[in-house]
Engineer: 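Here's a structure for you.
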Amino acid sequence: MEANMPKRKEPGKSLRIKVISMGNAEVGKSCIIKRYCEKRFVSKYLATIGIDYGVTKVQVRDREIKVNIFDMAGHPFFYEVRNEFYKDTQGVILVYDVGQKDSFDALDAWLAEMKQDLGPHGNMENIVFVVCANKIDCTKHRCVDESEGRLWAESKGFLYFETSAQTGEGINEMFQTFYVSIVDLCENGGKRPITNSSASFTKEQADTIRRIRNSKDSWDMLGVKPGASRDEVNKAYRRLAVLLHPDKCVAPGSEDAFKAVVNARTALLKNIK
Ligand SMILES: Nc1nc2c(ncn2[C@@H]2O[C@H](COP(=O)(O)OP(=O)(O)OP(=O)(O)O)[C@@H](O)[C@H]2O)c(=O)[nH]1
């Protein structure tokens, strides 16, 4: 049996699972859990000290699921406390604040912390991850858009939800899908079920969309040196167009990336003899 498989897994029987929350301080981890479990929102920030623990029961199909939730403090100060709690986990709620780019950029570091604490025998493939792009009610401050977050999550085979603990948007849907995926995983011998989205685009497509988003000018976007010839620009354009054409590529953000590439080519060709 896999190390992080729960003890009882016969269909129709009750199941006990462990879920943890991860993400920078103040992104809303505790509020997301409270919104689902207690149906309320706490606007005052009370930093989690170390770990908060709670138990809840949910029904998935014909199974009663007893969920042990460990809400982790996001502050770096609590690293020593957190690292005791990563093992034997079936589900992770990975949260960032859509108005704080740092909290999105930190997601890789959170995965690295977990991987390091699980050690060489820990297997992250057996865990269901759901990414919550939280505080979507704060539209004015939003700086990480949906396609950027979704691309990050789905290229790793993680679930992705846009949430607001304040309004409740996306919260029930997120937990429902999360718990169903964990039960599916338990009934699938501890293997994460392949989602449609994770199977439908390649790493090259995801990396190219990210590169285009971060490019500094049209040359950079097409991946050619400044001063490249018409032929070089057209060749680079054709390669990207085949990779990202909306008929062929369903990765989040591909349509915008494709349009940006078309515009970059047009702008460059105007000035090349
Ligand atoms: N506008 C808005 N504010 C939110 C939302 N979720 C949480 N907050 C606020 O963000 C602050 C931090 O929320 P917490 O849930 O305590 O954050 P946390 O990630 O658990 O923080 P740590 O315990 O320090 O790791 C609080 O003031 C919340 O009221 C949301 O969806 N929208």
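We count ligands from 1, going down the list as the structure has it; atoms in each ligand are counted the same way.
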Engineer: Quick one: look up the protein heavy atom nearest atom 6 (N) of ligand 1 and list residue, atom name and how far away it is.
Structural biologist: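 Checked against all protein heavy atoms, atom 6 (N) of ligand 1 sits closest to Asn134 ND2, 3.2 Å.
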
Engineer: Identify the closest protein heavy atom to atom 31 (O) of ligand 1: which residue and atom is it, and at what distance?
Structural biologist: Ala165 N, 2.8 Å

Engineer: How far is atom 14 (P) of ligand 1 from its nearest protein heavy atom, and which residue and atom is that?
Structural biologist: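 Protein heavy atom at minimum distance: Gly28 CA, 3.7 Å.
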
Engineer: Does any N or O atom in Ala47 lie less than 3.5 angstrom from one in ligand 1, N or O only?
Structural biologist: no

Engineer: So, does Arg230 use its side chain to make a donor-acceptor pair with the main chain of Leu269 at under 3.5 Å?
Structural biologist: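 Yes, the answer is positive, given that a donor and an acceptor are paired below the 3.5 Å cut-off.
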
Engineer: Suppose I only count heavy atoms of Ala73 and a 4.0 Å limit; which atoms of ligand 1 are within that range?
Structural biologist: 25 (O)

Engineer: Select the closest option to atom 10 (O) of ligand 1 among Lys29, Lys135, Arg35, judged by heavy-atom distance.
Structural biologist: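 The option holding the nearest heavy atom is Lys135.
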
Engineer: Has Glu255 got more than 12 heavy atoms of other residues, nucleotides or ligands less than 6.0 Å from its CD?
Structural biologist: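 No - once you tally the heavy atoms of other residues, nucleotides and ligands closer than 6.0 Å, there are 12 at most.
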
Engineer: For atom 26 (C) of ligand 1, tell me which residue out of Ser43, Cys138, Ser21 has the closest non-hydrogen atom.
Structural biologist: Ser43

Engineer: Look at atom 16 (O) of ligand 1 and say which protein heavy atom is nearest, naming residue and atom and giving the distance to 0.1 Å.
Structural biologist: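 That would be Tyr45 CD1, 3.4 Å.
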
Engineer: Tell me the contacting part of Asp137 for ligand 1: side chain, backbone, both, or neither, using a 4.0 Å heavy-atom threshold, strictly below.
Structural biologist: side chain

Engineer: Under 6.0 Å from the ring centre and within 45 degrees of the ring axis: does the NZ or CZ of Lys18 meet both conditions for the six-membered ring of Phe70?
Structural biologist: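 Yes, cation above the ring, under 6.0 Å and within 45°.
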
Engineer: Determine, for Phe41 and Arg35, whether the Lys NZ or Arg CZ falls below 6.0 Å from the six-membered ring centre while staying within 45 degrees of the axis.
Structural biologist: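 Geometry flag: not set, cation outside 6.0 Å or 45°.
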
Engineer: Can you list the residues that meet the side-chain hydrogen bond (donor to acceptor under 3.5 Å, both in side chains) rule with Tyr160, with sequence neighbours excluded?
Structural biologist: Glu162

Engineer: Against heavy atoms of Asn24, which atoms of ligand 1 measure under 4.0 Å?
Structural biologist: 19 (O)

Engineer: When you measure from atom 29 (O) of ligand 1 to every protein heavy atom, which one gives the shortest distance, and what is it?
Structural biologist: Val42 O, 2.8 Å

Engineer: Do Lys39 and Tyr36 meet the cation-pi criteria used here (NZ or CZ under 6.0 Å from the six-membered ring centre, within 45° of the axis)?
Structural biologist: yes

Engineer: Determine whether a donor-acceptor pair (N or O, by modelled atom type, separation under 3.5 Å) exists between the side chain of Ser254 and the backbone of Cys249.
Structural biologist: yes

Engineer: For atom 15 (O) of ligand 1, which protein heavy atom lies nearest, and how many Å away is it?
Structural biologist: Cys31 N, 2.9 Å

Engineer: For ligand 1, which atoms, with element, lie under 4.0 Å from some heavy atom of Ser30?
Structural biologist: 15 (O), 20 (O)

Engineer: In the structure I gave you, are the side-chain heavy atoms of Thr48 and Phe78 within less than 4.5 Å of one another anywhere?
Structural biologist: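 A side-chain contact is absent here, since even the closest heavy-atom pair is not under 4.5 Å.
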
Engineer: State the atoms of ligand 1, each with its element, that fall below the 4.0 Å cut-off from a heavy-atom position in Gly74.
Structural biologist: 22 (P), 25 (O)

Engineer: Checking Asp117 now: which residues fulfil side-chain hydrogen bond (donor to acceptor under 3.5 Å, both in side chains) with it, not counting sequence neighbours?
Structural biologist: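 In terms of side-chain hydrogen bond (donor to acceptor under 3.5 Å, both in side chains), with neighbours along the sequence ignored, Asp117 is linked to Tyr79.
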
Engineer: Tell me, which protein residue and heavy-atom name are nearest atom 21 (O) of ligand 1, and how many Å apart are they?
Structural biologist: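 That would be Glu26 N, 2.9 Å.
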
Engineer: Could you list which atoms of ligand 1 come closer than 4.0 Å to a heavy atom of Phe41?
Structural biologist: 3 (N), 4 (C), 5 (C), 6 (N), 7 (C), 8 (N), 29 (O)

Engineer: Is a donor on one side and an acceptor on the other found under 3.5 Å between the side chain of Arg82 and the backbone of His75?
Structural biologist: yes

Engineer: Can you confirm whether the side chains of Tyr53 and Asn68 place a donor and an acceptor under 3.5 Å from each other?
Structural biologist: yes

Engineer: Checking a contact table here: which protein heavy atom is nearest atom 23 (O) of ligand 1, and how many Å away?
Structural biologist: Thr48 OG1, 2.6 Å

